[in-house]
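Notes for the one structure printed next.
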Amino acid sequence: MGILHDDVVIIRQSENEGEPSVITVNCPDKTGLGCDLCRILLFFGLSIVRGDVSTDGKWCYIVFWVVCKPATRWDCSRWELLKKRLIGTCPTCSSASGISYYRSELQPPKPSDVFLLKLCCYDRKGLLHDVTEVLCSLELNIKKVKVSTTPDGKVMDLFFVTDTREQLHTKMRQEETYKALEDVMQDAVISCNIEKVGPEITACSQASPFLPSAITEDIFQLEMSSELSTVSLTSNNVSVTMDNSLSPAHTLVQIVCQDHKGLLYDIMRTLKDYNIQISYGRFYIKQGRKCEIDLFIMQADGKKIVDPSKQSALSSRLQMELLQPLRVAVVSRGPDTELLVSNPVELSSKGRPLVFYDITLALKTLNTCIFSAEIARHMIGDREWEVYRVLLDEGASVSVPRRKVEERVWKLLMGWE
């Protein structure tokens, strides 16, 4: 007997402001399901304050306690959209045959169509963030961006986007996008156009392969250092311990760290990339934003992790990803100043949600103008990274110290402001 579609995800909204809403997911299991669910919650701007997961490898039961940002208003349509997205990432179950076991090799993900949004407009402070906010609200995922400012004060924005709703090829969806941009930008819009592009166009849009040593050295310093806490702009101390004595079939991973935006996502994406299965887990935040996470895990072959080298590799990677899930640096680029932000890409090729949104918001709050910006992916070491390069307008940002720019961007990305 199959499970009813509406029962796959159940959302119980909080009755009082400040109290968490409860999201329950009950569906067939798959490796990386927790990561995919956490990624959606992060995209919707929700913070997970508590979580429980239990699975027998075939069926899973997950509960998240989530809170919205204080200034964010959620109506019924927003909750319904979240429910639809969560259901969409869960494996399906056939009512005729009962549990439908998930096999990723039989269900390769269909690549999304890429569209080029060309926006020409008059420049003003905060413009890029306002555009980014509109695209995020429309569930348009920014894959690449190329922004340039002309001497006469005009801006040409090239956004390579995919549509979560898979409707951007329709005239109605394109007109919805045009209207949303015009409502926010009003008379600043000169022209706006959306067209589908092929892989050859997307490849040609790649940014320069050159990366300043400041960002690569910062990444490699963290990748190789045994003293991770000495790297600037990191979270507080992270404790990761492993124990094989408490369960005959599972390795217990215990993590104690400071909370940050996307914390559970960072843990889950790391385990997903290592092809680690979680049988039982519990996550909660104590006073002072201190987080404690207990996870009973096993390898893909169903065995616990007993090899000391594998334990050390996983423990070090978890510690690294929680200390510094993103890299932030402000560097000199000739006579100009450039903000660099990078984050690792999942092996499934998914990037971190809302990074560009937070970058542009931080610069807007600092009254710092953006002269140009681009997003591209680079192989650094043996990992793929998403790198955001933002050339600052020195004329408008000379009064803002570089360290202040770094700290504001970092704190906003980490959810500490």
Just how far is it from atom [atom1] of [X] to atom [atom2] of [Y], taken to the nearest 0.5 Å?
X      : Y      : atom1 : atom2 : value
Phe371 : Leu392 : CZ    : CG    : 11.5 Å
Gln174 : Leu117 : CD    : CG    : 9.0 Å
Ile87  : Thr92  : CD1   : OG1   : 12.5 Å
Phe160 : Lys144 : CZ    : NZ    : 7.5 Å
Met242 : Leu295 : CE    : CG    : 9.5 Å
Cys291 : Arg50  : SG    : CZ    : 13.5 Å

Backbone N or O of [Y] within a donor-acceptor pair of the [X] side chain at under 3.5 Å?
X      : Y      : result
Arg408 : Glu417 : no
Ser312 : Pro308 : no
Ser315 : Gln311 : no
Lys350 : Arg39  : no
Glu166 : Ser112 : no
Asn244 : Ile305 : yes
Thr360 : Tyr357 : yes
His260 : Met414 : no
Tyr178 : Ile194 : yes
Thr149 : Val155 : no

Does the pair [X]/[Y] count as a salt bridge with the N-to-O cut at 4.0 Å?
X      : Y      : answer
Asp358 : Lys261 : yes
Lys364 : Glu133 : no
Glu80  : Lys83  : no
Arg269 : Asp273 : no
Arg403 : Glu406 : yes
Glu292 : Lys286 : yes
Lys84  : Glu139 : no

For Ser349 and Arg377, run side-chain hydrogen bond (donor to acceptor under 3.5 Å, both in side chains): C-alpha distance rounded to whole Å, both residues' side-chain angles, the deciding distance at 0.1 Å, then the answer. CA-CA 10 Å; Ser349 196; Arg377 292 187 174 187; 3.1 Å; yes
Under a 4.5 Å cut-off applied to non-hydrogen side-chain atoms, are [X] and [Y] in contact?
X      : Y      : answer
Asp52  : Tyr284 : no
Lys310 : Tyr274 : no
Val341 : Trp410 : no
Leu82  : Leu46  : yes
Leu42  : Leu354 : no
Gln254 : Asp243 : no
Pro20  : Ser14  : no
Ile48  : Ile285 : no

Shortest non-hydrogen contact between [X] and [Y], atoms and distance:
X      : Y      : value
Cys90  : Leu33  : CA-CD1, 4.3 Å
Val189 : Cys121 : CA-CB, 4.0 Å
Thr55  : Lys58  : OG1-N, 4.1 Å
Lys272 : Ser348 : NZ-OG, 3.8 Å
Pro248 : Lys304 : O-CE, 3.5 Å
Leu412 : Ala362 : CD2-N, 3.4 Å

Run Met185 and Val131 through side chain to side chain contact (heavy atoms under 4.5 Å, CB included) and show every step you take. CA-CA 8 Å; Met185 301 174 64; Val131 174; 3.6 Å; yes
Evaluate side chain to side chain contact (heavy atoms under 4.5 Å, CB included) for Asn275 paired with Thr31, printing each intermediate quantity in order. CA-CA 7 Å; Asn275 205 18; Thr31 302; 3.4 Å; yes
Please assess Arg402 against Ser332 for the test side-chain hydrogen bond (donor to acceptor under 3.5 Å, both in side chains), listing each intermediate value before the final yes or no. CA-CA 10 Å; Arg402 292 185 177 186; Ser332 295; 2.9 Å; yes
Plane angle bin for Phe356 and Tyr388 - parallel if under 30°, tilted between 30 and 60°, otherwise perpendicular: parallel
Is the ring pair His250/Phe296 parallel, tilted or perpendicular, if the boundaries are 30 and 60 degrees?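 Correct class here is perpendicular.
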If you count heavy atoms of other groups shown closer than 6.0 angstrom to CE of Met172, is the number above 12? no
Which of these passes side chain to side chain contact (heavy atoms under 4.5 Å, CB included) with Thr270: Gln319, Glu321, Met320? Glu321
I need the single residue from Leu37, Val25, Val9 that forms a side chain to side chain contact (heavy atoms under 4.5 Å, CB included) with Thr89. Which is it?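 Running side chain to side chain contact (heavy atoms under 4.5 Å, CB included) over Leu37, Val25, Val9 with Thr89 returns exactly one hit, Leu37.
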Please evaluate residues Leu168 and Lys196 with respect to the criterion side chain to side chain contact (heavy atoms under 4.5 Å, CB included), reporting the C-alpha separation (whole Å), side-chain torsions for both, the decisive distance (0.1 Å), and the verdict. CA-CA 9 Å; Leu168 199 53; Lys196 183 179 177 182; over 6 Å; no
Report the C-alpha separation of Glu176 and Arg173 in whole Å, then their side-chain angles, then the decisive distance to 0.1 Å, and conclude whether the salt bridge (Lys or Arg N to Asp or Glu O under 4.0 Å) test is met. CA-CA 5 Å; Glu176 178 190 17; Arg173 179 67 162 153; 3.0 Å; yes
Check step by step if side chain to side chain contact (heavy atoms under 4.5 Å, CB included) holds for Leu81 and Phe44. CA-CA 10 Å; Leu81 181 59; Phe44 274 78; 4.0 Å; yes
Test side-chain hydrogen bond (donor to acceptor under 3.5 Å, both in side chains) on Thr164 and Arg85 and set out the steps. CA-CA 9 Å; Thr164 302; Arg85 295 294 169 252; 5.2 Å; no
